[in-house]
K.L.:
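I am attaching a structure below and will ask some questions about it afterwards.
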Amino acid sequence: MKIILVDDERIALEHVKSLLLWDEYGYEIAASASNGRTALRLCEELRPQIMIVDIRMPVMDGLELIRAVSERKLGVKFIVMSAYQDFEYARQAIAIGSVSSYLIKHEVDRDKLLHELNKAKESWECEQKQRKIERSDQLMKAVTGAAAMTVFQDNQAAPPYAILLIQRDSPFSAIPSPFGKTSSLQALDLASHEINLCSGQSDWQLIGELSLNRNQFIALFSQKNKTVSMQRQSFEYLARSTDSHLKLHDDSSYSFYYSFQSTDSSSLHDSFRRVEAAARHAVFSGKNSLQCADELPMLPLDNKIHPPLPPRNIYFEELIEGMDQHDPAIIESVIKRVFNSLCSPLWDLAGLYEAIHALTGIINKRYAAKGLPEADPLTLGEATPLYHIDEIMNRFIVILQRLCSNKAELDRLSNKLLRAMQYIQMHYHEDVNIEDVSRSIGISPSYLHQLFKRELGRTFLDYLTEYRINQAKRILNQGDAKMTEVSARVGYRSPQHFSQVFKKTTGMLPHQYRHGGHRL
C-alpha cells in the first residue's frame, strides 16, 4: 500500500519515516513533499492509498490539498498531523470526509502511527470494494450499450481506451457453447488481482473490471500519456505480464483478446462486441493466444456485408470417393481443403460446426455398416483435447485414413465380438459384467473372454474400463459435473472407486485431469 508524506519540516518527515519498518507491515513510502501543490502532482502520478499530511504548509496548505484530492475523487485516505493550535483546521479537514484520523505531532509514536495506518487501510479497502462494485456495474452498462460511461470520468479517464477480455482456455466441443467449459471463480479473482498488479507498472490505467461469467474476465483501460499515439506494444506487454503472473499461481492456460477505441466511450460497445466475438472464435487462434480483435478475419459485426462462403458438398462427395478407393492421399487433400475454406477469407465458425457434423455423419455411417455404435470423433479413443482448428483437421484425417486402412482388420473381427463391443458401448453406464454381455449374444463368459484376448489382445475388463474412462474424459472436458455425477454416468457406483480406477488408467485423479493436468 503506497503512502505519500507531506510536511514542510524535513525533521518531521524524517521522524515519521524512522518510526516504522514500513515494508514489514505492507506499506511503502512512495514519495514525500514539502508543500500541497507538489503533493497533489505526486498524488495524481503515483495514486497512493494513504497520505500523511501536515496542516500548515506554504504554497498550498494541508486543508487545500485534502479538498483538491477529494474533488478529484482519487480515493485517498488522509492522516492529518499537526500541533495543538491547528485543531480547528484539522476539524475542517475531517469534515471533508476523506480524513481517517487526526494526530498531534509530538504525541505520535510507533504503535499509535501503526494503529492509525491500519485503520486508514481498512477504511480504504472497504471503500475500494464499494467503488469496484459501482465501476463493474457501470462498465457492464457501458460496454453493452445500456448507458453512457460516467463513473470512470471520476478517474479522469479519457480516450484512447482499450478493452481486454481474458478467457480461460477450454477444449473445443462440437456442441456450440457461449462460454466453453466453466471454471472456478477463484481463477477469475486471480486474474483481477494480477491485472491490477501489472497495470500499476504500465502505460495504461485500469479504470474498470468485471467477470462476464465463470470463464471470462474483462477490463477497461485508458492510456495514461495522451500526447503519444496509441501504444499497442505497451498494451501487449501489459497482457503478457498478466499472463506470466497468472502462470505462477495457476496451471491453466489463458487467452487474451483486446480492442482499441480512440474516439469516445459511446463506441466501447463495438469494441466489446469485437473481443467477445474473438473469444467465441478461440478455436481459430488456439490456446495461449494474444489477439487484437480489431484485426481478426471475422464476419463484420453488422453481419450484413461479407463475401459468399464456398459450398462444401462437392468436397464431401470427393471424400467419400477417396474412402471407397482406400486412398489416404485423397482423404488428406479433401479434409485440408475443407478446413482451409473455413479459415479464409473469413473465420467461419458456423461452417466449422456444420463441417464437423457432416464428417461425423460420414464416419458413423462406416461404423454402422460394421455393426458399431455411433461415436464422437473429437473424443474417440483420444486423451488429448482439441483447442485449435488444425488439431481438429488432423484428428479427422487420422480417423478417416485409419478407418479405410483398417478395413481388413475390422473385417477380421468376429461378428460375436463386434456385438459384444456394441453391447458394452450401449450399456457401459450400467452395472454391466461379462455374464450380462455373453448372455446377450448367446455364448459362454469363458468363450467371450477368449474372443477379447485373441482378437483385441486385452481382457473384457480392460476394454470395459478403457471405454468408461474415455467417456469420463469426455464428460470432464465438456462440463463441470460433480465427481459423483461423473462416476455414476460411466457406471461406477462409488466416486472413490472411480477415482482410483481413473488414476490407475491415466496417472492422475479426475479433478487433476479436468484442470489441465493432461496438458502439462
K.L.:
Assess the side chains of Asn118 and Tyr27: does a donor N or O sit below 3.5 Å from an acceptor N or O?
P.N.:
yes
K.L.:
State whether the side chain of Lys287 and the backbone N or O of Tyr254 hold a donor-acceptor pair below 3.5 Å, judged by distance alone.
P.N.:
no
K.L.:
Between Val53 and Met81, is any pair of side-chain heavy atoms under 4.5 Å apart?
P.N.:
no
K.L.:
Quick one: does any side-chain atom of Asn35 pair with a main-chain N or O of Asp61 as donor and acceptor, under 3.5 Å?
P.N.:
no
K.L.:
Between Arg41 (side chain only) and Arg37 (backbone N and O only), is there a donor and an acceptor less than 3.5 Å apart?
P.N.:
no
K.L.:
A quick test of your reading: do over 12 heavy atoms of other residues, nucleotides or ligands sit less than 6.0 Å from CD of Glu125?
P.N.:
yes
K.L.:
Got Lys121 and Gln49 here, is their nearest side-chain heavy-atom distance under 4.5 Å?
P.N.:
no
K.L.:
Give the C-alpha distance, both sets of side-chain angles, the deciding distance and a yes or no for side chain to side chain contact (heavy atoms under 4.5 Å, CB included) between Val6 and Met57.
P.N.:
CA-CA 9 Å; Val6 191; Met57 293 181 295; 3.4 Å; yes
K.L.:
Is it true that the side chains of Ser34 and Asp8 contain a donor and an acceptor less than 3.5 Å apart?
P.N.:
no
K.L.:
Within the side chain of Gln167, is there an N or O that forms a donor-acceptor pair under 3.5 Å with the backbone of Ser255?
P.N.:
no
K.L.:
Between Gln401 and Pro328 (side chain of the first, backbone of the second, donor and acceptor by atom type, cut-off under 3.5 Å), is there such a pair?
P.N.:
yes
K.L.:
His388 vs Val283, test: side chain to side chain contact (heavy atoms under 4.5 Å, CB included). Steps then yes/no.
P.N.:
CA-CA 5 Å; His388 193 271; Val283 67; 5.8 Å; no
K.L.:
Is the closest side-chain heavy-atom distance between Cys43 and Val76 below 4.5 Å?
P.N.:
yes
K.L.:
Kindly say whether Lys336 contributes a backbone atom to a donor-acceptor pair with the side chain of Asn340 at under 3.5 angstrom?
P.N.:
yes
K.L.:
Could Glu116 and Lys77 be called an ion pair, given the rule that one side-chain N must be under 4.0 Å from one carboxylate O?
P.N.:
no
K.L.:
Please report the C-alpha distance between Tyr353 and Phe172 in whole Å, then the side-chain angles of each, then the deciding distance to 0.1 Å, and finally whether the ring-ring contact (aromatic ring centres under 6.0 Å, His included) criterion is met.
P.N.:
CA-CA 11 Å; Tyr353 286 116; Phe172 179 81; 5.5 Å; yes
K.L.:
Carefully, step by step, assess Arg395 and Glu391 under the rule salt bridge (Lys or Arg N to Asp or Glu O under 4.0 Å).
P.N.:
CA-CA 6 Å; Arg395 174 71 59 82; Glu391 297 171 348; over 6 Å; no
K.L.:
Within a 6.0 Å radius of atom NZ on Lys119, are there more than 12 heavy atoms belonging to other residues, nucleotides or ligands?
P.N.:
yes
K.L.:
Can you tell me how far apart CG (Asp348) and CZ (Phe284) are? Round to the nearest 0.5 Å.
P.N.:
6.5 Å
K.L.:
For Ile356, is there any backbone N or O sitting under 3.5 Å from a side-chain donor or acceptor partner on Thr360?
P.N.:
yes
K.L.:
If you define the side chain from C-beta out and look only at heavy atoms, does anything of Asn288 sit under 4.5 Å from Tyr387?
P.N.:
no
K.L.:
Where the side chain of His281 meets the backbone of Ala277, is there a donor-acceptor pair that is under 3.5 Å apart?
P.N.:
yes
K.L.:
Within the side chain of Ser18, is there an N or O that forms a donor-acceptor pair under 3.5 Å with the backbone of His15?
P.N.:
yes
K.L.:
Apply side chain to side chain contact (heavy atoms under 4.5 Å, CB included) to Leu290 and Tyr257, showing your working.
P.N.:
CA-CA 6 Å; Leu290 174 62; Tyr257 308 95; over 6 Å; no
K.L.:
Side chains of Ile218 and Phe272: closer than 4.5 Å at any heavy-atom pair?
P.N.:
yes
K.L.:
So for atom CD, which belongs to Glu295, do other residues, nucleotides or ligands contribute more than 12 heavy atoms lying within a distance under 6.0 Å?
P.N.:
yes
K.L.:
Please work out which of the three classes, parallel, tilted or perpendicular, describes the rings of Phe221 and Phe235, given edges at 30° and 60°.
P.N.:
perpendicular
K.L.:
For the rings on Phe260 and Trp204, is their centre-to-centre separation under 6.0 Å?
P.N.:
yes
K.L.:
Ignoring hydrogens and geometry beyond distance, is a side-chain donor-acceptor pair present between Ser98 and Ser70 at under 3.5 Å?
P.N.:
yes
K.L.:
Would you please test Arg240 and Glu236 for salt bridge (Lys or Arg N to Asp or Glu O under 4.0 Å) and show each step?
P.N.:
CA-CA 6 Å; Arg240 290 193 183 97; Glu236 289 188 350; 3.6 Å; yes
K.L.:
Decide yes or no for Met1 and Trp124: does some side-chain heavy atom of the first lie under 4.5 Å from some side-chain heavy atom of the second?
P.N.:
yes
K.L.:
Does any non-hydrogen side-chain atom of Ile3 lie less than 4.5 Å from one of Pro48?
P.N.:
no
K.L.:
Check whether any side-chain N or O of Arg274 sits under 3.5 Å from a backbone N or O of Asp294 as a donor-acceptor pair, and report yes or no.
P.N.:
no
K.L.:
Please step through side chain to side chain contact (heavy atoms under 4.5 Å, CB included) for the pair Asn215 and Ser170, ending with a clear verdict.
P.N.:
CA-CA 9 Å; Asn215 205 41; Ser170 299; 3.6 Å; yes
K.L.:
Would you compute the distance between atom CD1 of Ile52 and atom CG of Asp7 and round it to the nearest 0.5 angstrom?
P.N.:
10.5 Å
